[in-house]
Amino acid sequence: MRSYWNLFWTFVKVSTFTIGGGMAMVAVVRDILVEKRKWMTDDEFMDILAISQTLPGLMAVNTAIFVGYRLMGTKGSIVATLGSVLPPFIIILAIAMIFTGYKDNLTIEAIFKGIRPAVVALIAVPTIKMALKQKWNWVYGILAIVTMALIAFLKVSPMYIILVVGVIAAFVAKYREGRQ
Amino acid sequence: MIFFELFYTFFFIGMFTIGGGYAMLTLIQHQVVTVHGWISAEAFTDIIAISQMTPGPIGINSATYIGYSVIQAMGYSPALCVAGSFLATSAVVLPSFLITYWICRLYARLKSNPVFAGVLQSFKPLVIGLLAAATLVLITPQTFPDYISWIIFAAAFAITMWAKASPILTIVLAGIAGYLIYA
């Protein structure tokens, strides 16, 4: 049955049981929405997913907003968003409260000394995987390298880079459209 | 005023996040570590590890955690730390909500708009640059104090890249290694 409570509960479940970010969530959401509850078709879901990935913000939240809106309008999108944000908020809050008390514990520090380099690897792997999947041309290549160098070495804010590139891309697209 | 700063910092982070959670980390890192100096690069790495091991999107997890620890580092009471946590989390979600909400209302029209498509297309290589920068910024002398840490990095890289180990498994194994080697 389609109700605000069911929608809320669906996203509470999704975000409680998916560990490791957006992509891990996809299979769980699809299973509930398409297979179990039959609230939408597979095609509809894939469509929403494609948009949620490209839009600004977090894919998990974007998907919740989109699904909520499609199913139950504005209120639906608010309810779905709350459902997806509340569980991680409560869990992390609890961890923050406990963990900050043990921050200076030597055993904990030793464990995290081992974990830190692994975390760097966890960020490096998707970077390389995305770079391998991307169809490169020289504009894209320069864009990626300059972005990396500006942020990492010159400490330029990523926000400015996104803004400038977005505006230039909009003008280029407009110009191409005009020529056709 | 720290609460106000926390709010607008995370609001802008939410607004400019393209390409999902990992790319968001670059923005959070730049604001929280480089610009404001609220937490150190190592503490930020720890937060990423905790966010990876707990349910929920990494962007929300890190906003919640950072909101709490920033206020705590200023010496405020636990109740205010919870308020900081709440503030950072809602601030990071709010722009996403506003933007996506309007786009799903206008989607039918935007879908065929070449300017919209062109902007989204240009963000793809940008996201790779963002992730590469996040990786480089995390490589600090504190995170890599000795050659053992580079071995852990190489091992974690190998099992994630080629053996498709989950982030949790990788972090748990690295934690065990850390305990055995450093404790």
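Bear in mind the structure is a predicted one, so any value in this text is a computation, not a measurement. In the text below, chain A, chain B and the rest are named by the order of the sequence lines, each starting its count at 1.
Proximity to chain B among residues 148-157 of chain A is limited to Met148(A), Ile151(A), Ala152(A), Phe153(A), Lys155(A), Val156(A), Ser157(A), judged by heavy-atom separations below 4.5 angstrom.
Both the backbone and the side chain of Thr143(B) come within contact range of chain A, with heavy atoms under 4.5 Å apart. For Tyr65(B), the parts lying under 4.5 angstrom from a heavy atom of chain A are both the backbone and the side chain. For Leu27(B), the parts lying near chain A are the backbone and the side chain together; criterion is any non-hydrogen pair under 4.5 Å. The parts of Ile128(B) that come within reach of chain A are both its backbone and its side chain, each placing non-hydrogen atoms under 4.5 angstrom from that chain. When heavy atoms are compared at a cutoff of 4.5 Å, Ala49(B) approaches chain A by way of both its backbone and its side chain. For Tyr101(B), the parts sitting under 4.5 Å from any heavy atom of chain A are the backbone and the side chain alike. For chain A, the nearby part of Leu25(B) is the side chain; its heavy atoms alone come within less than 4.5 Å. Heavy atoms of Thr160(B) lying under 4.5 Å from chain A belong to its backbone as well as its side chain. For Pro95(B), no part sits under 4.5 Å from any heavy atom of chain A, backbone or side chain. Proximity to chain A involves both the backbone and the side chain of Met161(B), based on heavy atoms less than 4.5 angstrom apart.
Of all the listed residues (Arg176(A), Met159(A), Met130(A)), the one sharing the greatest number of non-hydrogen pairs under 4.5 Å with chain B is Met159(A). Contact count against chain B (heavy-atom pairs under 4.5 Å) is highest for Val120(A) among Ile108(A), Val120(A), Thr147(A), Leu143(A). For chain B, the option among Val172(A), Ile65(A), Ile123(A), Val139(A) with the highest count of heavy-atom pairs below 4.5 Å is Ile65(A). Put simply, of Thr107(A), Leu93(A), Val14(A), the one with the most heavy-atom pairs under 4.5 Å next to chain B is Leu93(A). Counting heavy-atom pairs closer than 4.5 Å to chain A, the top residue among Val172(B), Leu130(B), Ile47(B) is Leu130(B).
Contacts of Ser85(B) classified as side-chain hydrogen bond (donor to acceptor under 3.5 Å, both in side chains), with partners at least two apart in sequence or in another chain: none. With sequence neighbours excluded, the residues forming a salt bridge (Lys or Arg N to Asp or Glu O under 4.0 Å) with Arg30(A) are Glu35(A), Asp42(A), listed by chain and number. Every residue two or more places apart in sequence or in another chain that forms a salt bridge (Lys or Arg N to Asp or Glu O under 4.0 Å) with Lys174(A) is listed here: Glu177(A).
Aromatic pair Phe4(B)/Tyr8(B): ring centres closer than 6.0 Å. Taking the centre of each ring, Trp5(A) and Phe8(A) come in below the 6.0 Å mark. With ring centers used as reference points, Tyr76(B) lies under 6.0 Å from Phe3(B).
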